[in-house]
Structures are given as structure tokens and as C-alpha cells.
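Everything on this sheet refers to the single structure shown next.
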Amino acid sequence: MSQPQLGPPPTCQSPEHTCGVSVVHEIIERYGGNPEMLIPMMQDIQAAEGYLPREHLRTLGRELGVPLSRIYGVATFYAAFRLQPKGKHTITLCMGTVCYLKGADQISAVIQDEFQVKPGGTSPDRKFTFAPVNCLGACALAPVMVVDGEYFGGLSASSAVDILQKIASSKKPSEAVAKADAKQKTAAQKNGRGSQNP
Amino acid sequence: MATIYIDNQPYVVKDGQNLLRACLSLGFNLPYFCWHPAMNSVGACRQCAVKQFKDEKDTKGRIVMACMTLAADGTRISIDDPEVRRFRAGVIEFLMVNHPHDCPVCDEGGECHLQDMTVMTGHNYRRFRFRKRTHRNQELGPLVNHEMNRCIACYRCLRFYRDYAGGRDFDVFQWHNYVYFGRQSDGVLENEFSGNLVEVCPTGVFTDKTLKGHYTRKWDLQTAPSICVHCGLGCNTIPGERYGILRRIRNRYHREVNGYFLCDRGRYGYEFVNSPRRIRQPIFRSERSGAAQPVEKQAALEQAAKILGSGERVIGIGSSRASLEANFALRTLVGADRFYRGLAEAECRLLDTAIALLRDGPAPAASMSDAAQSDAVLVLGEDLTNTAPMLAYSVRQSTLQREIGLTKRLHVSWWDDAAIRQALQERRGPLYIATPAATKLDDVATEVYRAAPDDLVRFAQALAHALGAEIPPVSALPRKLAALADVVAEALYLARRPVVVCGTSSGSESLLRAAGNVAWALSAAEHRGQLCLVLPDCNSFGLGLLGGGSLADACRAIQEGKAETVVVLENDLSRHADQAALKLLDEVRHLVALDYLEHATTAAAELVFPAATFAEANGTLVNNEGRAQRSYQVFVPQGKTQASWRWLQEMMVAVGRQAEASWRSFDEITAALAEALPIFAAVKDIAPPEGFRMAGQRVPRQPHRYSGRTAMHAQADVHEPTPLADPDSPLSFSMEGSQRQPPPPLVPRFWAPGWNSMQAITRFQEEVNGPLRGGDSGRRLIEPQPDAAIRYFSDLPAEFEPRPDEWLLVPVDHIFGSEELSALSPGIAQLTPAPYLALSASDAAGANIQEGEKVVLAMDGLHQALPVRFLPSLPRGVAGLPVGLPGMMHVTLPGWAKLSKVTAS
């Protein structure tokens, strides 16, 4: 099974922070500079920036007197925090038992290869953020992925890439989704499974 | 006392402890991971499970964690119950799911707590067939190696590094299966105690990187009990050798001294022993400036006899890093009145003052364990992390003491580490630090005061006055400072075991005396005020007790024509003498040196004898509390190297003074020392004599699994060589000997059946955290005078006044670099800063000096160009000069200096 990115926290890949560090100072002020409010401050930074830029965390640590290692410990512990910018679209790929048996690992490998994206990371063109998860609870659709909240089931490696390429090139995402939707329904019928989980 | 029943047998144990500790103290084999004797319980690993029964009728029982359960009177448990055994094996099996099968290539193999526990629980067959999770490792600097895949997430590393050692650059990241211990990014571990991770980690995540360069398994190391030589604290160590190379240093537990840990200087400073700069055979220079000629031992001794002649006009210069025996042998060779201590005048005065404070006053010397258990500490003028690192560790632990007392209200057991830290949050007990600049302990200090040395003295005297010392009040003290003095006085007065820490590194005798006043005033008020004085070198205290003049006195003797031959023992005089004195010594008619490393003095000497290092000879060292401790030879050195005292003895024989130097063995010279100087009477009793045997056998330096005895020297001879004789100690250079536990001074390693890691230590203690079986080793040579009338010192310098065109230079110590020997170890050298001059940013701005800019420092004829580094905490008008760094010249500090910018020309 492919894993989320391991090892020490990744370095920030944001090309430039146009936002400036003043955002951090403003947020620190909002909480009276209290280091015990570290998590709400980090949430606010993420709300403002879409993720937690490295420079912002450095500033936060310096201003609050909290070691950077502690801040990264918190940021990497909670799945809700992102250390990398999010892509335009989010791919959530199920790696649960059933999806895995039906080839989710191959789908994952192809997605990684095609869009140059690592699990938990964002593609260089910032189109996709790729997040394999342990189970989506939709085993009847296995192997299944969710793109921006839309479910695509009964995938194969090539159909997954097709769907994603269409989404990437489509100016109106709903168009691509509509087409894919039809495809997914056929696949589900072909599988002829009920909707209960295994 | 409480009676507990283990598998239906009654045992009497101390009240209030947990079951794991009780079981280990009783000698049971109960596996554990997250518990550590110095760090207590968190109940995280579920490995120490036992079955607890309500009463004797209860047959079902329930599984509890021994480390989290109170050993209350009447507790009934089973360690051997089949269900709990299965449970423990199951825990190991889960941990093993991700642990790699790399024991054969893992540095920890053979002394791995995880290996031991796996065998102990009986998990020996692997059922997990899938891929393991893997991690990327970090580059953590030259001392510690990182291999995260081996991690079993016991959290001991994090608890030690962050909660106990105060590190801020190491944490745990991510969650569940991906938990990762490391830094926020690659880089050198910033904490000075990072090397302990190697021993704290139950497996091979953190290993000794210097050992990796010349790796040897624990069972192949020849080891002996030793004492660290890299500062004055006298931490107990276990150096290990193979093939004539010193491979590593490990901690040797001593309850009163270093406990379970060492600092990184002590652990990694050993490589100077293997340095290419070692002197391996006698050297003779027919002309002083000429080339060095290696000569045979006999020729060198004949030459020495010629030089020394009748012994008239010969003076000896001793050393604070040489053993008592070596210094005594030199003192015997030249005569007591012609023996000088090899320290600058100011260093001698500071040393004498410190010893007098401990000898003449009512306040006893505090050991490191006393400091750690103190509930109020005052630090005066010492940057402990850099001058006496393990004492800084102890003082950091002391800040929890008072607060732990407060947690009794919450009904939390003292050993429940997680609960206590949760309850305490950031609250820390009274610790006051008064130093010229910021120190690393400031983060746990209640208050800090930063000022020039004279102002520190005024503060300390005000404090002593507030405590009732019969000295006049300090007038014109700023109101805020007077208030602080009152606050500190109150905190010390209310404490049960207050400790005052001071030392010689500030260079101020008045500060030492003021510290004495504070401690004595506390003692007079019937509080057990203890005094902990930091001394610079491993045998400073011993040399101080031995007596003798300073280097300045030696120079005077040369100038007056009373000396034309100088014998220098294990001393690089350029570290203690100024340029003028060095020139004088260079021009003396004959200069004979004994040392193990090439330096300025051996380069100038006519005759140089290769001396043995701490690992190659026995010696007695006296630490900063006055405790004499024996350090044993680990291995027989190459070449003609031998102990300095042996060279000096042979020189005396060569000049026909056999009668005076009748000592042939180490026991004989310590006996002679004890007889000649009554203060050292205890020295001959601090360790068993050479004739000591256990069941008729010696204590083997090599473990019983030592391998390759016939193969090691096969290139020379396929027959196994006869083990070398050791006339100086009951230890043998062999694996033959008694495997029983020897008396504490002779323990060469910690190993017990089933316990190959350092955790075997609990098998050697009377009880967990108690003394080693047989009592604490070493003996204090001086004791305080509780009933003597106190004569307070009334030193009161004027308030410090910054000068317009001069700076007061104060010494800045560095854990890596300030000590002579460790600075030669490649790992330490990599972390040693280049010489610099420290200024506060505002002072520098006033003088229009930028950071990094070079300035010329001028004082007392010393001129040195140094780049400027900003040290924001320095008081106005005060500059910091790093002492002892390679490339820095000796200068007596504090002192006034002029700074001028380096012009382009």
C-alpha cells in the first residue's frame, strides 16, 4: 500500500509568499500572543493562506517562543493541517481492503506517475492534491476515488487518468463530472453489487 | 515498608513505589520499554504487564501495567501467569511488525534492550508477512546517528531530550503508524546531552556516530572503570578499546555524581587518545630549536639523568589534568618547595579560595545528586552548560523538586511522570541565575540577573546580608536589584535544601567569597546550605590540595637564577601563561616535558617522554566536591608510552635516588602519597588493592564473550599471546576471571544474564536508583566544619562603571572547544566555534562596529585580531572573550581591553 509522505515534515513548496508575514503578526495579536492558543492560531493561518507556509511557522515560533519542532509536531499530528499548498482539485483515493484488492495501488501509481504528485502532495502545476485514505466506506464502488466531492467508482488505472485529465483540461468542471458520472453508473451496474459494506 | 506477593511469595519493599521498580529492585526479569530508572513511568508501551489479584481467593485476576501500579501493602501479582506472558509476547510482536531485521548490521546489536526484551518475552517467531513502514533518516550532526526505521515509539528519546535535558529542537511528528522522532529539519542536535539518546533509546534509532568510524561490538570491547577528564565534575565512565584504539565512552552509574547520563563533551571527547598528534616514544633535541630525534627509552633516561644531575636548581611544573600520583611523583623528584602547580597566578588564587570555602566553612560541598534534589538553587557567575555541563543537567532537574512536593495535594504518585508534568505545566521551582551573559539554563530560571562580575559580587553580598550574614549592607544598590536580592534570599531561606553554585570560571575571587557568605549564612540559620563550586579541570581540586606555587612564582625562580632546569608534567603552558612567561620558560637552560600530545611546550622541550592518557594508566582524580576517585587503565598503549609517575620514578632511579622512589606499583605510590601528605590518607582506600581477588580470580577487563583471541594477532603469530600482566590493579587484560559483581570502583561494564544493554544497571544497584552494591565509590577528602565560627568576607567592589574607550573582557566558555583535550576529537572539533569577540549589539553600534567585522583586541601586551559576534545579553561596557578555543592566547580575565577596528591597510 502506498503511504502518506513519511519522514520529517516537507519543506514549503510555495514559490513566493505574496501575503507577507504581517498576517501572522495580526493573528498572534488576535490571541494576545498566548502560546497556549497555538492551534487556533495555526488554524487561522491556514484559513488565510490555504496551508501553513514554512516562513509563517518560523515567525509564529519566534514570536511565541515555541520551538519550531513543537509547531511541526502539532502540524503533522492533525490531519486537518496542511504544510503544502492545496491544488485546484483534491483527489481522495480509497486504499481500503476492497479497493486495494481491486487494484487501488495500481491506480495510485499511475496517478503519481501521470501528474507527478506524491501521496499527500500537490502536483507541480498546482492542479491536483493527491490524498490516499484508508477507507471511504463506499466498498460497493471499489475501487473508488473522490474528486472535489464527486464519487467515481469502478475505476481502472486508465479510466481514473482519463477522468482526471478531463477535469484538468475542462474549463467547466461540471461538464467533465457529468461525463464521468455516466461512466461510473455503468461500472457500478456491471459490478452488480449491493451497496452494503463488506 | 510494604509486603507484596509476587507469584504467591511475600516480599518486603519500600513504600510508595510502583510495581515495576519494586520487581526490578527485587531482581525479577520484567520487560519494559518506556520506563527508565531516571525518567520514571508514563505507561505507554504496555510491556511491563503483570496480573494483579484482589486477594488470595481471586484466581481470575486482571492485567495491569506494573509501572503504573502502586506497590501497596498486600498487593498480589503474578509475573509468570500464562495469560500475562502471552500478553507481553503479543506486545513485542506488534512492535516487531515494523522493526527491521537488521540486527547483524545494526550498531546496537549485542547491547540492545529490544533484543533483550524480545528474548525475555519469548517472542521468537515472526508471523507478519507484509511490507514494513519506512522512514527517511535525518542528518543530526557529527555525534549522533539516526535510523528511524528501527523505532518502536517508546517516547524515551523525546522525554529525555525535551523534558529532562531541556532541548528545544527535537520532537515527535505525525501520528499512529507513522510516528517520527527527530528535528524539524536536518541539522546538528543543539542540546549538549544529545549523546545520551544513544543509551536512552532501547534500540538502534540513535547510535554513536564516532563509534561508527571504528565500530566494535560491546562484547569485543576491553573496558575498565574510568573517570571523565574533560571538566572538574569527575563523571564516571566506561571507555572501551580494541586493537589499541579507544572506541567509545559509555556512562558508568554513580548515584552521587553523574547518575545515568554524560554530557557530549565527556562522551565524545575521547578521540584525542587516538590522535595522530600523540607522542609515542621519547624525543630528544640536541639543540632546543632543532629537529626532534626519537630515542630509545634507556638513552632518554640517561639524558634525563645528565640534565637533572644532582637535582639542584631543578623545578617541576605540575598539571591540573594529571593524576594525583603523577603530580606527587614530580613533587618528590624536585622537592616540595620546588614544585609549582602549572597554573597562572589568578588561577591558583581562585582554586585556593574555592577549596578554603569548602574546608573552613560550615556549608558542605554539594554533589551533583544534591544539586538535582535541591529545592532552591542560586547560580553565581557560572555558565554551567559550558563549564560543568552535567551540573547544568542536575540544576535543571532541581527546578521540579519544589513543584513535585506541591503535587502531593493532587494525590499523584511521584513516579507518574506524565501526570506530574501535566499538573506542573510550565511551573518550575526557584532557580536564580546571576551571570554576565545569558546561559542555556535561563529558560527554567525564576529570575535572571546579568551584570559585570563586580556587580554580581554586590548582588551576592546584598543577598548574604539579607540572609543575616554579619556583613554591612550594600549601599546604593538599585532598588529593583535590592528587591530581587530580598526575593532570592527568601526563596533560599524557605527551601529545605538550598544550594549555591559558583565557580572559578568568572575569574572573580570576590564572587566566590560572596557565594560562600550566602551558603554560610544559610547554614548559620540552621538551613542546610550547600555549596557547589565548579573547578576547571579533572584534577584541579587534587592539585589545589597538593599545593605549590603558581607559574608566576616559577618564572620568578628562573629569573632569580634559582632554577635552570624545568620539568613540565602533562601541561601545555601556553594555556596558562602569558607571552612573557612562555618566553622565559623557552629560554631556560633545560626543559623536560612529559605528555601525550604535541603542543607548544613539548615542541620547545629538549627531552620529551611519552606519557599515558587516562585510558592507558591508573590514576586518582579529585572532583569539584573533593571526592577522590580511581580511574583504571583500559588498555596497554603502543610504543614506549607509560604512566608519567613511572617515567618520573625511572628518572629518579637513573640519577641514583632509588631510596626515595621505591614505588614500583600503583599501590605503592598511592601509599607513599597517603603517608607523605595526610590530607590524601583516604586515597589508598578508595579502591581495592592490587591483591584483591574474587574467589581467587581477578576482575576481567574483557567480557566472557570477547571474540577472536587467537585471530587478533594472527598476522604475527597464530598462537594466542599470554595476557599482559597488570601489576597496578586487580583487573586483568583478559577474559578470564571472576564473572561476579566486583566492588563498585572495579565494575568494568554493566552486563547481566539476559540484560546486554545499559539497562543491566538495575542488576548492579542495591535497589533501583540506589548505590551500586557495595556503596558509592570514591571518598571526600575534606569535610566542612559545622561548628567552626563563621568569619564572613566583606569584599565589596565598587559598582561597575563602563569606560568610554575600553571594554571589560569577561570569559565566555564553550562546551565544545574550551577544554584542551576534547577539542582534539574530530567530532567535537567540528562543533567548536572559531575564535571571536562577543559584544552586545548596542555597544557595537555605539562603536560603529558591524557583526562579523574584525577588531584588534589589545590588553597587557596581547594583540589579537578577532571577528565580532553579537551577544545581546552582555551588559553595557562588557565584552566576552571565548576562553581556551584553539587559536586563542591565554589571558587573565576579567580585564580591561581596548578595541580598534582593523583598517584596510
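- Taking 4.5 Å as the limit, every side-chain heavy atom of A/Arg70 sits out of range of all side-chain heavy atoms of B/Gln184.
- More than 12 heavy-atom neighbours from other residues, nucleotides or ligands sit within 6.0 angstrom of CD on B/Glu851.
- Looking at every heavy atom in both residues, B/Phe173 comes nearest to A/Ser69 through CE2-O, 3.3 Å.
- The OH atom of A/Tyr72 sits 12.0 Å away from atom CZ of B/Arg183, with the distance rounded to the nearest 0.5 Å.
- Remark: B/Gln425 CD is packed, more than 12 non-hydrogen atoms of other residues, nucleotides or ligands lying under 6.0 Å away.
- Between A/Pro67 and B/Arg168, the closest heavy-atom pair is CB-O, 2.9 Å.
- Surrounding CZ of B/Phe94 are at most 12 heavy atoms belonging to other residues, nucleotides or ligands under 6.0 Å away.
- With sequence neighbours excluded, no residue forms a side-chain hydrogen bond (donor to acceptor under 3.5 Å, both in side chains) with A/Thr97.
- Separating the OG1 atom in A/Thr76 from the OH atom in B/Tyr180 is a distance of 11.0 Å, to the nearest 0.5 Å.
- Contacts between A/Val74 and chain B at a heavy-atom distance below 4.5 Å are absent for every atom of the residue.
- By the salt bridge (Lys or Arg N to Asp or Glu O under 4.0 Å) test, A/Glu114 is found to be paired with no residue, residues two or more places apart in sequence or in another chain being considered.
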